[in-house]
Amino acid sequence: MERWGGALKEQLQGNFELALRAVLEAAGDGGEMPEFALEPARQAEHGDFACNAAMVIAKRLRKPPREIANDLIAHLKNQDATIQRLEVAGPGFVNVWLGKESWHGILRQVIEQGVRYGCSESGQQRPIQVEFVSANPTGPLTLGHGRQCVLGDTISRLLGAVGYEVTREYYFNNGGRQMRVLGDSVKARYLEALGLAAPPSESALTDPDSPWPESIDGLPVVFPRDGYQGGYIEDLARGLLDEHGDGLVDGARDEIFKETAEREIFREIRATLNDLGVHFDVYSNETDLYENGKIEEALADLRKMDLVYEKDGAVWFRATRFQLDRDRVLVKSSGDPTYLLPDIAYHREKFRRGFESVVDIQGADHIEQFPFVKKAAEALGCPEGQIELVMHQFVTLTQGGDQVKQSTRRATYVTVDELLREVGVDVFRFFMVQRRAESQLDFDLDLAKETDWKKNPAYYVQYAHARTHGIERKAREQGVEMPDANTLDASQLTLPEEIEILKKISEFPEMVSQAAETREPHHLAYYARELAGLWNPYVQDGSRHRILGDDATLTNARLGLVLGVRIVLANTLSLLGITAPETM
RNA sequence: GCCCCGGUAGCUCAGUUGGAUAGAGCAGCUGCCUUCUAAGCAGCGGGUCGGGGGUUCGAUUCCUCCCCGGGGCGCCA
C-alpha cells in the first residue's frame, strides 16, 4: 500500500526539525539541516508516523543512532500536545503515536473545502502546455493512442488541480510523406472500385519480403507498398466515388484524396476524443508552421549558430555537439525537411507563445527523437529543463488468456472506438491509467468487461461512492439530517477502521501534489482503490458498526465520515475523468 | 553491436527522495454471515524482489557486469 503524509505530518515535521536543530546545537553542530524522512508507519505496531532522523545524523555526530533518538524524544515531548507516545525502535527510528482525536479534524476540513479538497496553488497559475496524442490523421485511434489520451488528460487535470494554467494541445504532421501515402491509398482503392486497378494480393500485403506486383490480370496495381490497409480507406474511396463518379480518374484533382481523407479521419478522431472525455484547447499542425515561415526561421537561426552543416546534399544538425550519439538530417537532399525540423520549430513556438514549461507525452516508439528536438530547441533559446517528456510503453490486449497482437499499418489493431463500445469510457480510463507510464500495460479485456463491482476495480471504486449516497438516502428516509461543517462532531469515531479511513483521507492532498509534480497519474487509481477498499468493507460489515443507529451523536459522526469519503472519492474520480454515480 | 524501458506471489502490477517482518487486485484454499442496494466478510497459503559483485548502520530502491522480454538505432513519422 502506498502511503502519503497529510496535514498532521507537516506539523510533526516542523517539530522534528526543531528537535533536530536542538540536538545538533547541543553537540556543537550549527551546520545544515539534514534531509530526513517522516513517513506514515507501515505497520500499526510502529505507531502513526516513523522518523529516521537519528540514523541520518548518527555518523555526523559520531553517536549511536538510538542515543540520538532518545535525545530527539526528550525535545519533542513538550512540543506537541497531539503526540501521545514516542518510542525508539529498531536501529534508531522514532515512532510517534498521535491521539485518536488528532484525526477527527480532517473531516471538517474536507467538508468545508469540498471539491477543492486536495487542490493547491503550488503552480501559481504558471502557464504549462501538455501535448499529447498528436496522432497523424491516417486512421482511427488505437490502443496506444488511447493510453496516451488518458495519460495526457489525467496529467492535465492533476496540473490544473495544483494551480497551473494548463493548455491541452494536439499537434499533427500533415505536410509529410505519410499524408501523401494516405491520399495515394485512397486513390488506389477508388481506381480499384472503378475496375481500373487491381488490388495487391494478400500475400504481397502481408509478407514484406514478397515481390510487389506491377499488374494483375492486365490491370495495374497502384496501391502503395506501404499504403494504409484499413477498411476505412475503402469507405473513403467509396464516398468519393458516390460524389464524383469517375471524374477523379485523370489525376488533375488528386489532392482531393488526401484532403478528404485528412478531413474525414480527423472528424472521426475528434469524435473518439469526445467520447473519451478528452477536450483539447489547441490543435496545431505542421503546414501552418510552413506557411508562417517558422520552419525556415528555425533553420536559419540554427545555421547562424553553426549548428547545421551540409553533407551529401542534405542539411544536418550537429547533435554530437550536445553529446548525442549522431548527427541528424534536418533537410533531405530532395529539399524536403524531415519531421525533425518542424518539430524543433514547433517547440520553440511553444515558449514564444508564453508557456513556461511544456510536457510532451510520447510512446516508446519515438522516444529516440526526443533528445534531438529538446537540444535543438534549447539551443534556440527555450529554457533548459522546461521541455519534459513523459514516455509510455505499449499496450497489449489480453482476452481469454491470449494476447491479441497489435499491428499498426495492417488492419489488425484494436481501436479505441471498439473498446469503448465494449467496456465504456469509465472502465477504459481507469484501466489505461492504472499502470506507471514506463511499464507495459496489459489491458485485460475479460476483467474490464466484468460487471461484478467486486471484481472490476473501476466499478469497485464507483460503487464505494454510490454507497455514500445510498446511506444518505436511507438517512433521509429515517428523517436523519446529514451533518455539515458546523454541526459535525467527529469525536466518536474511535474504531480502528474509522481511524484508518481518516488517515487515508488526510493523505489525499499530498498524493495529488506528488502525482502532479512527478506526472504519475497512476497513483490516483491506486489511491482510489485503497480508499474504496477501506470503505466498502466498513459499510458492508454493518453488524459491527451501523452508521445509522440509535445514538444520535455517533450517527452524526459516522455520517460525517460518509461525507468525507464521498468528497474524496468524488474528487479522485473527477481527476481520473471518471463519473461518480449516485446509484449503480 | 549500441541506446531506451521493463524483470517483484500462479497471473496483472504497486512500492513515494535507501529504512524495520516486501504489498494490492485477480486466481486458489478455509471458516463465518445474510447486509445502510447487489454474496458478502474474515482468515490462510504463496517470494533467492532476474543473477553476480560493489557502495553503508541498512539496498527491491543507488553504482557496475551479465541474463531475459519489449521498443528503437532511416535523407519514415
Side-chain angles (χ1 to χ4, degrees), chain A residues 1-5 35-37 39-43 45-46 50 52 55-56 58-59 64-65 89-93 95 134-136 138 172-173 176-179 181 226 311-316 325-326 328-334 336-340 343 363-371 391-394 396 398 401 434-444 446-447 450 452-457 460 463 466-468 470-475 477-478 510-511 514-515 518 520 522-523 525-526 529-530 533 536-537 539-544 546-549 558 562 583-584:
Chain A
M1 177 171 315
E2 300 186 33
R3 292 186 176 269
W4 314 84
E35 296 258 324
F36 64 90
E39 298 176 321
R42 289 164 198 268
Q43 295 165 56
E45 310 90 80
H46 296 157
N52 69 350
M55 278 129 57
V56 171
K59 186 176 256 182
F93 289 98
N95 291 338
S134 296
N136 290 344
T138 57
F172 57 99
N173 299 93
R177 192 180 144 280
Q178 259 198 5
M179 297 305 292
V181 173
D226 52 356
K311 194 181 87 180
D312 304 332
V315 181
W316 295 71
D325 57 349
R326 66 188 181 91
R328 297 285 301 255
V329 171
L330 294 177
V331 184
K332 301 182 238 178
S333 52
S334 66
D336 295 323
T338 62
Y339 62 91
L340 201 57
D343 243 28
D365 53 341
H366 37 110
I367 169 83
E368 202 254 353
Q369 80 172 66
F370 180 79
M391 184 217 60
H392 66 89
Q393 290 290 335
F394 291 159
T396 57
T398 297
Q434 256 184 321
R435 307 295 177 219
R436 296 158 64 221
E438 316 86 75
S439 286
Q440 284 189 31
L441 188 153
D442 185 50
F443 196 104
D444 184 342
D446 297 322
L447 186 59
E450 179 62 68
D452 183 345
W453 64 270
K454 295 175 304 301
K455 293 188 176 164
N456 189 321
Y460 188 84
Y463 183 50
R467 272 182 150 158
T468 67
I471 293 163
E472 175 170 348
R473 284 189 293 273
K474 189 93 175 182
E477 279 172 28
Q478 300 178 6
E510 184 169 323
M511 185 277 295
Q514 277 268 354
T518 58
E520 291 182 333
H522 70 278
H523 293 302
Y526 276 88
R529 183 61 183 70
E530 283 167 6
N536 278 328
V539 175
Q540 189 74 33
D541 198 9
S543 55
R544 287 183 55 209
R546 301 290 296 181
I547 291 169
L548 302 171
R558 287 179 173 165
V562 169
T583 58
M584 284 180 77

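Hydrogens, waters and symmetry mates play no part in the numbers below; they use all other heavy atoms, side chains included. Because the structure is a prediction, the values reported are computed rather than measured. Below, chains carry the letters A, B, ... as their sequence lines are ordered, and counting in each starts from 1.
Across all strands shown, G1(B) pairs with C73(B); the Watson-Crick or G-U wobble distances both stay below 3.5 Å. Partner assigned to G28(B) is C44(B), using Watson-Crick or G-U wobble distances below 3.5 angstrom. As the counterpart of U61(B), no nucleotide is assigned, since no Watson-Crick or G-U wobble pattern has both distances under 3.5 Å.
Distances from the side chain of Tyr463(A) to the nucleotides A27(B), C4(B), A38(B) place A38(B) closest. When distances are taken from the side chain of Arg436(A) to each of G6(B), U17(B), A38(B), the shortest belongs to G6(B). Each of U16(B), U17(B), G72(B) was ranked by its minimum atom distance to the side chain of Ala37(A); first place goes to U17(B). The listed nucleotides are G72(B), U17(B), A42(B); the one nearest the side chain of Glu35(A) is U17(B). Proximity note for His522(A) (side chain, C-beta onward) versus C36(B), G15(B), G6(B): the nearest is G15(B). In this structure, of C36(B), U12(B), G19(B), it is G19(B) that holds the atom nearest to the side chain of Met55(A). The side chain of Thr583(A) lies closest to U37(B), out of C36(B), U37(B), C26(B). Each of A27(B), A77(B), C36(B) was ranked by its minimum atom distance to the side chain of Lys455(A); first place goes to A27(B). Here the nucleotide nearest the side chain of Glu39(A), chosen from G72(B), G6(B), U16(B), is U16(B). Nearest nucleotide to the Asn136(A) side chain, out of A77(B), C73(B), A14(B): A77(B).
Taking atom C1' in both C3(B) and G18(B), one finds a spacing of 28 Å when rounded to whole Å. Here, G23(B) and G15(B) have their C1' atoms 7 Å apart, quoted to the whole Å. On the C1' atoms, G74(B) is 38 Å away from A14(B), given to the nearest whole Å. When the P atom is used for both G54(B) and G10(B), the distance is 29 Å, rounded to whole Å. Taking the P atom of each, A38(B) and A42(B) are spaced 15 Å apart, rounded to whole Å. Rounded to the nearest Å, the gap between the P atom of G31(B) and that of G69(B) is 44 Å. A gap of 14 Å separates the P atoms of G7(B) and U60(B), to the nearest Å. Going from the P atom of C65(B) to that of C5(B) covers 14 Å, rounded to whole Å.
Counting any heavy atom pair closer than 4.0 Å across all strands shown, Arg328(A) reaches no nucleic acid atom. Using a 4.0 Å heavy-atom distance criterion, Ala58(A) is classed as making no nucleic acid contact. Asp312(A) comes within contact range of at least one nucleobase, with a heavy-atom separation under 4.0 Å. At the heavy-atom level, Ala50(A) lies under 4.0 Å from base atoms of the strands shown. Within 4.0 Å of Asn95(A), counting heavy atoms only, lies at least one base atom of the nucleic acid. Backbone-only contact: Ser439(A) has heavy atoms under 4.0 Å from sugar-phosphate atoms and none from a base.
Contact annotation: the side chain of Ile471(A) never approaches that of Arg558(A) to less than 4.5 Å [non-hydrogen atoms, C-beta and beyond]. No side-chain heavy atom of Leu441(A) sits less than 4.5 Å from a side-chain heavy atom of Gln393(A). Side-chain contact between Pro457(A) and Gln434(A) is present, with at least one heavy-atom pair separated by less than 4.5 Å. Proximity of Arg467(A) to Asn536(A): side-chain heavy atoms (C-beta onward) are separated by under 4.5 Å at one or more points.
In this structure, Tyr526(A) atom OH and C26(B) atom C1' are separated by 12 Å, rounded to whole Å.
Defined by atom type and a distance below 3.5 Å, a donor-acceptor pair is present between the side-chain atoms of Asp343(A) and Gln369(A). Using modelled atom types, one finds a donor on one side chain and an acceptor on the other under 3.5 Å when comparing Thr396(A) with Asp442(A).
For C75(B), the base has no donor-acceptor partner in the side chain of Thr338(A) [N/O atoms by modelled type, under 3.5 angstrom]. For Asn52(A) against G19(B), a side-chain-to-base donor-acceptor contact under 3.5 Å is present.
Both stacking criteria are satisfied for Phe93(A) over the base of A20(B): a centre-to-centre distance under 5.5 angstrom and an angle between ring planes under 30 degrees. Per the stacking criterion (ring centres < 5.5 Å, plane angle < 30°), His46(A) stacks onto the base of A20(B).
Proximity of Lys474(A) to the phosphate of U37(B): no side-chain N or O atom is located under 4.0 Å from OP1 or OP2. In this structure, Lys311(A) does not reach the C75(B) phosphate: none of its side-chain N or O atoms is under 4.0 Å from OP1 or OP2.
Among Asp226(A), Asp336(A), Thr338(A), the one residue that satisfies the side chain to side chain contact (heavy atoms under 4.5 Å, CB included) test with Arg177(A) is Asp226(A).
Dense packing is recorded around CD of Gln478(A), with more than 12 heavy atoms of other residues, nucleotides or ligands lying under 6.0 Å away.
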